[in-house]
Amino acid sequence: MLRRVLDAWRRWSEDRICRRQAIPESLWQLTLARYPFLTWRSAEELTRLRRLTTLFLSRKEFSGAQGFVITDEIAVAVSAQAVLPILNLGLDLYGSFIGIVMHSDAVLAQREIVDDDGVVHQFEEELSGEAMHGGPVMLSWHDVDAAGALDSWGYNVTIHEFVHVIDMVDGVADGVPPLRSRQARDAWKSVMEPAYADFCVRVDAGKITSVDPYAAESIDEFFAVTSETFFVDPESLHQTMPQVYVLLADYFCQDPCTSQSR
Ligand SMILES: [Zn+2]
């Protein structure tokens with residue numbers, strides 16, 4: 001009984017936010033036009049995408065680094081892409097953080113690694129986005145904005161970083177999202193681990209891959225990068241890694257290859 005009351009209250013509260021903080025129609029249409037991969041779904045899913053985008057905007061705090069100004073256009077562009085992976089899973093998967101820090105362009109981060117002999121190596125890494133345990137999520141607007149032009153390359157920094165957020169919900173970035181049971185985890189790994197090993201062999205052999213070779217970096221990057229391809233260039237993933245495509249379609253409860261609106 002209490003559960004039903006809480007669900008009803010939550011629904012009422014969310015409906016009120018969606019009415020009072022509605023995304024203007026012109027801005028929503030502009031966002032869909034700029035990122036066409038958002039539209040590859042049913043009318044019902046598109047309505048849910050808009051609702052979740054509004055709720056995401058109401059729960060998260062955007063800030064601009066080094067004077068970068070966050071406009072409504074920027075906040076909606078990020079939010080609409082961020083909620084794509086959880087469209088049929090729910091916003092609770094993004095409950096671990098509030099802040100989203102936007103930079104105008106990629107940033108250089110100072111990194112340090114210690115090799116097997118204990119020698120410290122310092123280097124700079126160019127970051128177009130970064131997700132950390134407990135947040136915030138960092139994104140480069142230059143890269144977020146380019147998503148519409150780069151979808152045929154399978155590139156999408158927003159989806160990439162938010163899939164890392166999903167991966168970390170169970171406390172560890174191990175390329176496995178939160179799943180209901182040990183059997184489900186084992187089933188996940190039985191698809192992803194051999195696919196990752198096979199992909200690394202292809203990358204090491206210098207073969208051209210339709211998925212970004214960065215996916216060979218680690219198993220958690222493989223999950224994030226194949227998810228990018230799944231959402232923005234689904235045919236490529238379906239053709240080259242059909243088992244990974246089916247696994248992701250099952251997990252995200254979406255099947256972008258079969259959308260009628262493409
Ligand atoms: Zn990554």
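Nothing here was measured: the structure is a model prediction, and the numbers come from that model. Just follow the structure's listing: the first ligand is 1, and inside any ligand the first atom is 1.
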Which residue pairs pass the salt bridge (charged side-chain N to carboxylate O under 4.0 Å, His left out) test with at least one member in residues 173-192, sequence neighbours excluded?
-> Asp170-Arg185, Asp174-Arg185

What's the NE2-the Zn ion (ligand 1)-NE2 angle here (His164, His160), rounded to 10 degrees?
-> 90°

Has Glu217 got an N, O or S atom lying less than 2.8 Å from the Zn ion (ligand 1)?
-> no

Give me the one residue out of Phe222, Tyr214, Phe223 that meets ring-ring contact (aromatic ring centres under 6.0 Å, His included) with Phe199.
-> Phe222

Sequence-distant partners of Tyr245, ring pair (Phe, Tyr, Trp, His ring centres under 6.0 Å), two or more places apart | Phe230, His238

Restricting to N/O/S, name the atom of Glu221 that gets closest to the Zn ion (ligand 1).
-> OE1

Parallel under 30°, tilted from 30 to 60°, perpendicular over 60°: which one fits the rings of Phe97 and Phe162?
-> tilted

